Structures are given as C-alpha cells and as structure tokens.
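Just so it is clear, the model here is predicted, and its values are computed rather than measured. Numbers restart at 1 for each chain; the letters A, B, ... are given by sequence-line order, proteins then strands.
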Protein chains: 2
Amino acid sequence: SMCPLPLQAVRLNDRFWAPRLQTNRSVMLPSQIQQCEETGRIDNFRRASGKKQIDFQGIYFNDSDVYKLLEAIAYAIAYEPNASLEAQMEAIIAEIAAAQQPDGYLNTYFMFDRAKDRFTNLRDMHEIYCAGHLFQAAVAHYRATGRTHLLDVARRYADLLYDKFGPNGQPGACGHPEAEMALVELARTTGEARYLELARCMVEARGRGVLGGSSYHQDHVPFVEQREFVGHAVRHLYLASGATDIVLETGDKAHLATLDALWQDLIQHKLYITGGAGSRYEGEAFGAPYELPDDRAYAETCANIALVMWCYRLLHLKADPIYADIMERALYNGVLSGISLDGEHYFYQNPLADRGGHRRQKWFGCACCPPNIARLLASLPGYFASANPSNQLYLHLYAQSEIRFSTSEGDVSLRVNTNYPWEGLIEIEVLDAPSHTTTLFLRIPQWAANATLHCNGNASADTAYPASGSYAKVALSGAPATIRLELSMPIQWIQSHPHVQNHYQKVALVRGPIVYCLEQADHSNTDPWDILLTHETTCQPEERPELLNGVTVLTGRGVALKRERWAGKLYAPYQPYEISHPVTITAIPYHAWANREAGPMTVWLPVL
Amino acid sequence: SMCPLPLQAVRLNDRFWAPRLQTNRSVMLPSQIQQCEETGRIDNFRRASGKKQIDFQGIYFNDSDVYKLLEAIAYAIAYEPNASLEAQMEAIIAEIAAAQQPDGYLNTYFMFDRAKDRFTNLRDMHEIYCAGHLFQAAVAHYRATGRTHLLDVARRYADLLYDKFGPNGQPGACGHPEAEMALVELARTTGEARYLELARCMVEARGRGVLGGSSYHQDHVPFVEQREFVGHAVRHLYLASGATDIVLETGDKAHLATLDALWQDLIQHKLYITGGAGSRYEGEAFGAPYELPDDRAYAETCANIALVMWCYRLLHLKADPIYADIMERALYNGVLSGISLDGEHYFYQNPLADRGGHRRQKWFGCACCPPNIARLLASLPGYFASANPSNQLYLHLYAQSEIRFSTSEGDVSLRVNTNYPWEGLIEIEVLDAPSHTTTLFLRIPQWAANATLHCNGNASADTAYPASGSYAKVALSGAPATIRLELSMPIQWIQSHPHVQNHYQKVALVRGPIVYCLEQADHSNTDPWDILLTHETTCQPEERPELLNGVTVLTGRGVALKRERWAGKLYAPYQPYEISHPVTITAIPYHAWANREAGPMTVWLPVL
C-alpha cells in the first residue's frame with residue numbers, strides 16, 4: 001500500500017488544472033459562501049446558537065453543504081494562502097462552534113422543538129452524514145492551519161456518536177453513508193482509535209435491521225456479503241470508500257472480497273465511458289448491468305466524485321494502476337462536466353446525450369454537488385502522486401508541475417514538463433533526490449499502448465517499452481536525471497459490450513483520458529444527432545487555444561443522415577439509412593459541453 | 001361523429017378474445033374480488049359505515065380499485081349473465097351504499113378523525129378520482145341491471161361535487177384526472193346536464209393555480225393551451241379522454257386544437273411500437289420526444305388502457321381510422337401484455353426488453369392496473385363497432401363474431417368469419433339488414449397495403465382496392481350479402497425515427513396488429529439479446545396452436561453475435577461485430593411474453 005503526499009507537495013502550473021484551481025479559489029468558493037449565506041444555510045447555525053430568532057431554512061441536511069464548503073476552503077488555503085478566504089472560513093467556524101450543544105451534539109435541524117427527535121430516524125434524516133462532513137471539514141481545517149478549534153468541535157461530537165453507536169452503544173448507521181470515511185480521517189488525524197472503531201461498527205451495522213432493509217440504503221444484506229452496486233449511487237460509493245479506508249488502516253481482510261466484487265461489478269457492468277456512475281433518475285440509483293442510458297443518464301456529479309474518492313483509496317490499498325485509470329477517466333470527464341468553465345454553474349446530472357435542455361444551474365435546493373466539486377478541486381494536487389512505505393514515489397496523474405517532498409533519506413524534487421492531457425509526452429527533470437537508489441513508479445495508462453520510456457543521468461528504466469496498465473519502474477540514484485515518457489495518444493473508437501442495447505453499432509471517440517462529444521455549436525447546418533461516422537472516417541487532433549479556454553478537438557469527416565422521410569413519423573418500414581451530405585465533424589471534450597449556446601449533444605456516434 | 005353500439009351487439013366467438021373474456025369472468029374477476037376482500041379494500045367501506053371497528057387499510061385511494069372492479073363485473077354480466085358474480089357485486093354495492101354520508105360524500109379514507117380534511121388536498125389525495133370511478137361503476141351497474149341504487153349513490157355524491165366545484169362553487173379539480181370522463185358518462189346516463197358542466201369546470205380549472213402548477217399534474221398551463229404530453233401519463237391521457245368526451249357531448253370546439261396537438265405529439269414522439277405510453281419510471285411520466293427506452297420502458301398498463309380509451313373517444317368524434325389503428329396496436333400489445341395467460345398475474349410496467357427479472361405479480365399495493373384490465377376486457381365487445389347518426393355501421397376491429405342491433409329502419413345482423421389477428425381474410429355474411437341502401441364502413445388498417453374487397457348479393461363495394469388507413473365503403477341494400485375483405489399481412493420490419501437513439505439500426509417485427517419479440521424460451525442456446533437479423537433474413541408466419549394458448553409465431557434465420565471478446569469487459573476498441581453461429585429465430589407475440597420460464601426478451605432487433 002501507499003500513502004498520500006502532503007497536499008503542498010505537488011505544485012500544478014499547467015494550463016489544464018491550474019486555471020481550474022484558480023477559478024475554484026477566486027470564483028467558486030466566494031460564490032458558494034455567498035450562496036450558503038443567502039439560502040440561510042449559515043443562518044441555520046446562528047439560529048441554533050440562539051443568535052437569530054428565525055425558522056430553520058431549507059432542507060434538513062443543509063449543514064453538510066457548509067461543512068463541505070469549509071473543507072474546500074481549508075484545502076484551498078493549505079495549497080495557496082488566501083487571507084480573505086481564511087477569514088471567512090474562520091467566521092463560519094465560529095458560528096458552527098457556537099451552535100454545538102453541551103453534550104457535543106451539532107445539527108441545526110434537530111434543535112428546540114425538534115431536539116426530541118435526535119437520532120430517532122437514522123435512515124432518512126442524514127444526521128450522521130452531516131456529522132461526517134463536519135469531521136472532514138475539521139480535519140481539513142486542522143491540516144491547513146494547525147489550529148484545533150474545529151477539530152475539538154468534531155471530537156466532542158464524535159465522542160458522543162461513539163458512546164451512542166460504538167461497540168458499547170446501540171447498533172446504528174446513517175441512511176446516507178459518508179461518516180465512515182470521515183471517522184477514519186478523524187482517527188488518522190487525532191490518533192484516536194475509537195473513531196476508527198466507530199466507523200467499522202457503522203459499516204458492519206448495515207444489513208442487520210437498523211435501516212429498514214432496503215437496497216436503496218445498501219441495507220439489504222450485511223456489507224461483507226454485498227457483491228453488486230445497488231440503490232443510491234453516491235451512498236454505495238461512499239460506503240465502499242469508507243470500508244476501503246478501514247481496510248487501509250486495519251489491514252483487516254474481511255471486506256476485501258466485497259470491495260473486489262463491487263469493483264468488478266462497476267467496471268464490467270455499470271460505469272459510463274465518462275466515469276459516470278448511477279444511471280437511474282429514480283432513486284438516483286445504479287441500474288441493472290449494462291443499463292446505461294445516454295440522454296437519461298443520471299451520473300450525478302457527486303457519484304462521479306465519490307468514484308474518484310473510492311479509486312484513490314483502492315489505489316493506495318493495492319497500488320494497481322487500474323484504479324488510477326478509472327479515477328482519471330472520471331476526473332477528466334464525468335466530474336469536470338459538473339462545473340462550467342466560468343466556475344459558477346453546476347450540473348447535478350451528467351447525461352451523455354441531450355437535445356439542449358439540460359443546462360448547468362447556479363445552485364440547487366439540494367446543493368450537494370457544488371461544494372463537492374469545490375473540495376475535490378481544492379484537494380486535487382493530492383491525487384497526483386503518492387509514496388510507498390519505502391518513500392518511493394508513484395506518479396498517478398500527469399500535468400505540468402513541480403513535485404517536492406522530504407523523506408528521512410533526503411529531499412525529492414522533480415519538474416514535470418508536459419502538455420498532458422492534450423499530448424502524451426512527459427519529461428521529468430530530477431532536480432533533487434536521495435543518492436541511494438530508489439524506484440520511481442510512473443503510471444502507464446491502460447489506453448497507452450506503445451509507450452516508450454528513456455532515461456538520462458542518474459535514472460535508468462526497467463524497460464524502454466513499458467506495458468500499458470502498469471507502473472513503469474525507473475531506478476533513481478540521485479539528481480540530476482531526466483526521464484522521457486511518451487504515451488501514445490491515438491484517437492480511439494470505443495465500443496460498448498453488446499448488451500448495452502442503446503450502443504449497438506456506435507462508438508465514442510476517446511483520446512488519452514479525454515472522452516469527446518459532438519455539440520451543436522460546432523456543426524452549424526447539421527444536428528449532431530444526425531451525424532454518423534463511416535468506415536472511411538479518420539479523425540485528427542487539433543489544438544484550439546481560442547476555444548473553450550483552450551482544448552484539443554478532434555476533427556474528421558462524417559456524414560449526415562437524410563431525415564426527410566421521417567417528417568411527422570415515429571415509425572416506418574425499414575430502409576437502409578440514406579446519406580444527406582458529408583459533414584466536417586469537430587468533437588470537443590465532453591467535460592466542456594454546454595458552455596456555449598444550448599443545442600443537441602451526443603457522445604455515442606453511430607457507425608454506418 | 002359516431003356512437004357506440006350496445007355492449008351486447010357484438011358477440012365474440014373467436015379464438016383470440018372470447019377465451020380471454022371467459023378468463024376475465026371465470027378467473028380474473030373472482031380473484032380480484034378475493035384480493036379486494038383480503039387486502040381490506042372492502043372492509044374499508046364496512047369501517048366507514050360503522051359495521052367494523054378497524055383501522056383504514058392500504059392506500060388512501062384504494063376505494064377506486066373496488067369501483068373499477070364493480071364496473072368490470074357489471075359489464076361482464078351485461079355481456080353474459082352470471083348469478084354468482086352478480087350476487088357478489090350486489091353485496092359489495094350494499095357495503096358501499098351503507099358508507100355514504102348524509103350529504104352524499106363517500107370516501108372511506110376521509111372518515112372519522114380525517115373527515116375534517118375532506119377536499120383540503122385535491123392535488124394529492126385522489127378524492128375526486130375515487131368519486132369518478134364510483135360514477136363509472138354506477139353507470140355500468142345501471143346499464144347492466146337497470147337498477148338505480150348505485151346510480152343514486154353516485155348522483156348524490158355528484159350533486160355534492162357540483163355544489164362545491166361546479167360553476168357556482170370554488171374552482172377545483174383532482175390531481176389525478178379521471179372524474180371528467182365519469183361525469184360525462186353520468187350525464188349521458190342520467191340526462192343531468194349539470195354533471196357535464198362540472199366535468200367542463202374541472203378540465204378548465206387546470207393551469208389556473210388550483211393544483212400547484214406542476215406539469216406532473218398537467219397544471220402548468222390551462223388545458224386549452226396544452227400542446228404536449230407531459231407529466232404522469234395516465235393522468236394526462238385520462239384528462240385528454242375527459243376533454244374529448246366533453247367535445248363529443250357539447251360540440252364545443254375550444255379544446256380541439258389541444259386534442260389534435262396532443263395526438264400529434266403522442267404519435268410522432270412519445271408512443272412505443274407496442275402502444276405503450278409514458279416512458280419514464282420517475283413520475284410515471286411521459287419523456288422527452290423520442291425518449292423511448294426499452295428495458296426501462298415504464299409504459300404502465302393503465303396508461304396503455306387510457307390510450308385505448310382516448311382513441312375510442314377520438315374515433316367517435318372524428319371517424320378517422322388512425323385512432324382505431326393506434327387503439328388496436330395498444331390493445332393487442334401494450335395492454336394485453338399487462339395480463340398473464342392464466343388471468344392471475346399482472347404487469348404494472350411493460351418493458352420492451354428485459355433480462356428475465358421483470359415478472360407479472362398477483363397483485364400490487366397500488367393495484368390500479370388489474371381492475372383496469374378487467375373493466376376493459378369486460379367492455380371490449382363495445383370497441384369493435386359503432387354506428388353513425390344515420391345508423392350506418394362502422395367496423396373498427398375484426399374477430400370471429402356475430403353482430404346484431406336494431407335500428408328504426410330494421411334489424412342488422414352480420415356474421416364475421418375470420419381468423420384475425422393471425423390471418424387477414426375477413427368474410428362478412430349479411431344475415432339481416434334494412435332493405436333501403438345503407439353504407440357499411442370497414443376499417444382498412446394503415447398497415448394493410450394491397451387490401452382487396454369483394455362483395456356478393458345485396459352488397460357492393462366502392463372499390464375493390466380500398467386504401468390503407470381508410471374506412472372502405474360497402475353499399476348494402478338488405479340481406480343476403482357476403483363481403484370478402486382481404487387484408488394483406490406481410491411481416492414488416494419497422495424502424496424508428498433516427499432520434500430514438502437506442503433504436504439505431506434496429507427493427508421490430510410486426511405483422512398485422514401484432515408486435516413480436518424474441519424470448520429466451522424459444523432459443524435454447526442463444527441469448528435473444530445476442531441475435532441479429534441480416535439483410536438475408538426472411539421470416540415466415542407459422543401457426544402454433546399448442547404454444548401460448550395458440551399463437552402464430554414468426555420464424556426465420558438470424559445470426560448470433562460472437563461475444564467471447566467481451567468477457568469481463570464493458571468497453572473495448574471498435575471492431576465490426578463477429579458472428580458466432582446462425583440461429584433459427586422464433587418470434588412470439590409481445591403480449592404473450594413472460595408466460596413461460598424467465599429469461600431475456602427483446603422487441604427491437606439489430607440488423608447487421
């Protein structure tokens with residue numbers, strides 16, 4: 001297994017992520033603070049502390065949005081100090097701390113006349129879920145500032161929960177998992193083993209009559225017996241993430257079979273090509289195997305983020321690059337589509353086809369997604385690299401960056417030069433490294449056949465032709481050294497398993513980690529839903545620095561369907577499709593869709 | 001416009017419908033009576049009348065199931081006397097009548113402590129909906145027996161509703177339309193114009209702030225401005241049916257533009273090939289145009305029945321055979337799939353593809369569908385033929401039958417000899433007819449190109465080659481005469497509009513009114529989801545009297561996809577599909593699926 005590097009270790013200075021992290025700090029976080037104020041989410045704390053005599057506002061789990069936002073701010077300032085954000089964060093924390101009850105309880109909904117209902121409906125009321133987000137915010141705040149006042153709030157509440165639902169309390173868990181991950185983080189941060197134990201109790205409480213027994217709540221069987229993703233997608237992915245955290249900390253193998261089976265179920269049956277998870281609107285749920293509708297994909301931004309979190313944990317547990325592959329796929333596509341280029345509009349659902357009606361919103365009544373993207377972006381540098389117990393570095397993701405961290409044997413300093421994800425060439429300058437020989441592990445994505453690896457100076461590669469879907473090994477004995485990894489990035493036509501019935505004879509265009517789509521804005525005279533590829537179609541990547549903040553598009557020649565015979569008709573006798581005219585297609589990255597005028601979009605393209 | 005014949009006018013003695021009507025009388029109705037007893041639906045009336053001191057049982061709109069069942073029994077005994085069913089019907093009616101309140105109010109949920117909540121939540125509580133089903137039961141009971149005691153109950157309640165929500169009351173309508181149709185029927189039966197006026201008030205109350213304004217409730221705009229089917233499918237179809245009834249009675253043209261636009265929206269954008277309506281699980285709702293998923297089709301049995309009811313009304317309003325075409329399509333496919341061959345199991349949803357998990361159930365907590373099928377089957381003979389104001393007969397549907405009715409100019413008696421829907425030859429013997437010349441109108445379905453029509457005796461056809469999608473005219477001047485109509489029934493490969501993205505390069509096999517599907521039980525070594533048609537595939541109809549109570553299947557040669565490369569994979573680089581082996585396909589009528597062992601099924605077949 002491996003461990004994350006400190007968040008500050010990876011300094012992104014690339015053209016893809018660095019501007020997005022900047023937008024997060026300068027636009028998303030301030031606007032989300034404002035939204036939380038305007039919608040009464042922070043006033044709810046002022047009400048709970050007695051500072052304001054007002055009604056509770058919004059949904060009963062709205063506290064969690066504030067906590068997620070605080071977590072995002074904390075990681076953002078840990079990465080890059082920002083006095084204004086920090087001051088606002090501390091002001092909100094003061095409101096939260098003032099709302100805590102003498103026994104440690106803290107939930108602004110269950111106050112006053114509702115105090116009697118505390119912990120009486122664990123299944124529906126998201127009480128422990130909100131607590132979990134508080135704990136994660138507190139951990140982030142402590143890591144960012146070294147200050148313990150929010151961590152103390154968290155500990156007091158966690159102690160209460162331990163007494164109630166720990167090994168000596170009653171069996172209990174939240175209808176919406178999330179606190180499991182949070183409690184493990186709290187245990188890591190405080191060294192308090194009871195919180196880890198409480199997390200384990202909560203995972204093990206499922207399927208034992210505490211939550212009503214529905215698969216929607218992943219309560220149909222005990223977690224240890226679960227083998228398929230079912231029910232609410234965010235919940236199941238958070239639960240799996242929490243269970244993975246427990247295995248990471250305890251080494252306990254009891255849940256490994258479940259985690260492995262769930263993973264296989266996901267990647268073999270239930271994952272969108274965009275890394276989207278949870279295909280059903282009804283119940284925001286996983287569908288049956290191969291049930292992956294495109295226009296009605298749910299693929300909630302939070303579920304796709306939860307998948308990134310789970311992959312990250314599995315990657316640290318197993319050091320298998322498949323987890324980084326899927327993490328990267330979700331990150332560059334199904335997660336990033338959740339936020340507009342301007343940083344002020346959000347998708348809740350992330351469909352793979354649309355007629356133009358699905359547009360990002362400024363905010364939601366149930367606003368789980370916006371602060372979830374914010375906290376992921378704020379902590380993103382931590383996803384790029386890890387170290388194993390021997391202080392050997394793993395690079396999972398690539399971007400123009402500098403990586404610096406200290407080990408007991410000396411400092412490591414690397415400069416990564418690349419135009420990833422648009423180009424596959426990655427040059428790594430080793431500026432500093434311990435002089436004894438260590439191994440540097442470089443992820444070779446599954447899609448990168450024909451990768452080549454060349455080293456100079458104090459580095460030497462195990463092989464010049466590292467296998468795709470592996471970590472290439474580079475032996476390093478001090479600086480200087482240069483490493484040149486070239487990942488081939490052909491444009492791939494990807495097909496789905498034939499039981500994905502809606503993808504018969506269709507392909508998605510994928511290049512490197514980026515999934516592409518056709519959008520109306522690039523096809524003035526032809527509806528993207530009428531465009532077909534042919535066996536003669538070839539596509540080329542083309543840099544478009546002026547487009548959508550700078551993207552590489554794919555261009556090529558397709559054909560447009562003749563649609564005249566269908567005027568006014570839904571069904572007609574079969575005829576082979578007739579072609580109307582050739583079309584120059586311009587495919588844009590899926591994550592960038594719906595940032596221009598509204599119009600049809602589609603990821604999956606029929607092949608004639 | 002035209003008028004229905006008396007229910008007794010058409011005597012079905014065919015091999016398709018007559019056994020199903022028999023099953024309705026001998027299995028469905030008795031078992032539904034038993035279900036209504038066992039689930040407390042009838043006890044709820046005994047509770048309301050004070051005969052039993054028990055809690056209300058089940059869902060707040062459960063009264064409606066009892067009323068629908070009574071309607072079914074009434075039409076069944078009107079068609080064929082049955083002392084046992086009649087006695088049970090009267091016993092239930094006695095319980096209902098005893099539960100009516102002095103002011104006419106009748107709803108077993110809003111009794112005792114809930115009496116104060118009557119008519120306080122029209123949007124959600126289905127109160128007027130339940131009343132509507134009472135009225136329809138009362139009309140059916142009166143028509144079947146000539147007795148007025150249930151009709152009197154209905155009138156008292158309708159009078160109360162008129163006072164509350166009629167032109168002199170407050171604006172009001174039910175969140176679940178249905179009473180509109182019922183009130184028009186009650187007006188027809190009683191001659192009481194106020195009920196018709198109340199129905200019109202209720203249609204016109206929509207979109208005016210009474211129901212909260214959601215499209216789910218068709219309350220987003222006034223009915224007169226509605227142009228698209230939206231929201232809950234059964235509700236919108238019932239609403240359209242009620243509005244059509246009002247136009248039929250009043251001749252008022254204000255709503256015609258809405259009805260026409262809704263019809264075009266349905267048949268151009270939102271109708272399954274099976275006649276199923278309402279594609280979304282979430283909200284049991286209509287989807288966007290061309291949103292017609294197969295495995296996740298909702299296509300609720302009740303919505304498909306509602307479509308039959310609406311078509312029937314539009315047909316009588318406009319005498320355009322397109323309405324009979326769609327009515328027949330729904331009847332033989334999406335409605336009939338709702339009931340098992342044994343008459344004891346029901347589908348709520350009617351998907352067009354499945355992996356074997358979707359099976360009919362004995363009953364449902366929300367049991368709207370079972371008695372809805374029962375009342376449709378019981379009244380089905382009424383759907384076959386109508387007469388216009390000049391007493392000229394229209395034949396809409398064909399089956400081996402005898403048709404007899406009296407007009408002021410004399411009796412009409414026809415014998416229809418046919419093996420429809422399996423064969424297209426229809427021979428009509430005119431046994432009796434007025435001696436002056438009248439016109440007999442025979443529906444030529446849209447699918448019946450190359451129909452031929454030949455007459456002997458006192459009949460003469462307008463043309464020997466009647467156009468498909470028309471009513472062929474036969475001049476009739478007394479008996480005897482014979483008419484020989486031959487509808488060609490080629491096997492059609494039907495394709496969807498290219499914007500039905502899940503049907504790219506797929507076809508449905510259709511012959512006459514019957515839509516076919518492939519089911520696992522007929523394909524021992526090949527998964528139906530792996531079967532492709534090729535351009536060499538030809539299919540033949542084949543009578544199979546021993547199969548599924550006697551059906552005509554379609555047989556032919558297809559090919560099976562080679563699936564080995566997909567083991568464990570969801571996505572892979574594009575390759576043209578490889579063929580594993582040729583397959584003899586046996587397509588069964590869609591309505592008969594899931595009557596054998598569970599397994600995959602699919603209507604839409606890829607063409608290689």
Side-chain angles (χ1 to χ4, degrees), chain A residues 264 266-271 273 279-283 287-296 353 355 357 492-508 510 527 529-530 532-533 535 561 563 566-577 600 602 604 606-608, chain B residues 264 266-271 273 279-283 287-296 353 355 357 492-508 510 527 529-530 532-533 535 561 563 566-577 600 602 604 606-608:
Chain A
Q264 290 304 322
L266 184 78
I267 65 166
Q268 292 186 27
H269 306 132
K270 296 175 182 171
L271 186 66
I273 188 83
S279 62
R280 285 188 189 171
Y281 269 72
E282 60 277 13
Y290 309 115
E291 182 190 324
L292 296 165
D294 295 309
D295 53 345
R296 289 299 285 176
R355 294 301 301 161
Q492 292 189 294
W493 290 23
I494 300 294
Q495 201 175 21
S496 301
H497 187 288
H499 286 193
V500 183
Q501 287 197 316
N502 44 313
H503 291 170
Y504 177 70
Q505 194 59 19
K506 291 185 188 173
V507 297
V510 180
D527 186 327
W529 284 34
D530 289 333
L532 313 176
L533 306 182
H535 287 96
L561 206 71
R563 218 189 328 132
W566 289 102
K569 283 188 200 146
L570 181 53
Y571 300 109
Y574 173 73
Q575 283 180 15
Y577 295 104
T602 187
W604 290 93
V607 179
L608 191 66
Chain B
Q264 290 303 324
L266 184 78
I267 65 165
Q268 291 186 27
H269 306 133
K270 295 176 182 171
L271 186 65
I273 187 83
S279 62
R280 284 188 189 170
Y281 269 72
E282 59 277 14
Y290 309 115
E291 182 190 324
L292 296 165
D294 296 307
D295 52 345
R296 290 299 284 176
R355 294 302 300 161
Q492 292 190 293
W493 290 24
I494 299 295
Q495 200 174 22
S496 301
H497 188 287
H499 286 195
V500 184
Q501 287 197 317
N502 44 313
H503 291 171
Y504 177 68
Q505 193 59 19
K506 291 184 189 173
V507 297
V510 180
D527 186 326
W529 284 34
D530 289 333
L532 313 177
L533 305 183
H535 287 96
L561 205 72
R563 220 195 317 139
W566 289 101
K569 283 188 201 146
L570 181 53
Y571 300 109
Y574 173 72
Q575 283 180 15
Y577 295 103
T602 187
W604 290 93
V607 179
L608 191 65

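- Per-residue counts of heavy-atom pairs under 4.5 Å with chain B were compared for A/R563, A/K569, A/Q264; the largest is that of A/R563.
- Heavy-atom distances place the side chain of B/L561, and not its backbone, under 4.5 Å from chain A.
- At a threshold of 4.5 Å between non-hydrogen side-chain atoms, the residues B/Q505 and A/Y574 count as touching.
- Within the 4.5 angstrom heavy-atom criterion, only side-chain atoms of B/Q492, from C-beta onward, approach chain A.
- A/L570 approaches B/Q268 most closely through the heavy-atom pair CB-O, 3.5 Å.
- Interface summary for chain A: among B/P576, B/A572, B/P293, B/A288, the most heavy-atom pairs under 4.5 angstrom belong to B/A572.
- Between B/Y290 and B/H497, the ring planes lie parallel to each other; the angle is under 30°, not in the 30° to 60° tilted range.
- Heavy atoms of B/L608 lying under 4.5 Å from chain A belong to its backbone as well as its side chain.
- Residue with the most contacts toward chain A among B/T602, B/D294, B/D530: B/D530 (heavy-atom pairs, distance under 4.5 Å).
- When heavy atoms are compared at a cutoff of 4.5 Å, B/V500 approaches chain A solely by way of its side chain, counted from C-beta outward.
- Side-chain atoms of B/Q495 and A/Y577, non-hydrogen and from C-beta on, do get closer than 4.5 Å to each other.
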**Prompt:** How far apart are the C-alpha atoms of B/Q501 and A/K506, what are their side-chain angles, what is the distance that settles it, and do they pass the side chain to side chain contact (heavy atoms under 4.5 Å, CB included) test?
**Reply:** CA-CA 10 Å; B/Q501 287 197 317; A/K506 291 185 188 173; 3.7 Å; yes
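- Here the CH2 atom belonging to B/W604 is positioned 15.5 Å from the CH2 atom belonging to B/W529, to the nearest 0.5 angstrom.
- Heavy-atom distances place the backbone of B/H269, and not its side chain, under 4.5 Å from chain A.
- Chain B forms more heavy-atom pairs under 4.5 Å with one residue of A/H499, A/E282, A/R280 than with any other, namely A/H499.
- Closest non-hydrogen pair, B/V607 versus A/Y504, comes out as O-OH, 3.2 Å.
- Side-chain contact between A/W493 and A/L533: present, with at least one pair of heavy atoms (C-beta onward) separated by less than 4.5 Å.
- In this structure, the portions of B/P573 lying under 4.5 Å from any heavy atom of chain A include both its backbone and its side chain.
- Note on A/R355, A/K270, A/H503: by heavy-atom pairs under 4.5 Å with chain B, the leading option is A/R355.
- Between chain A and the options B/D295, B/V507, B/I273, B/L532, heavy-atom pairs under 4.5 Å are most frequent for B/I273.
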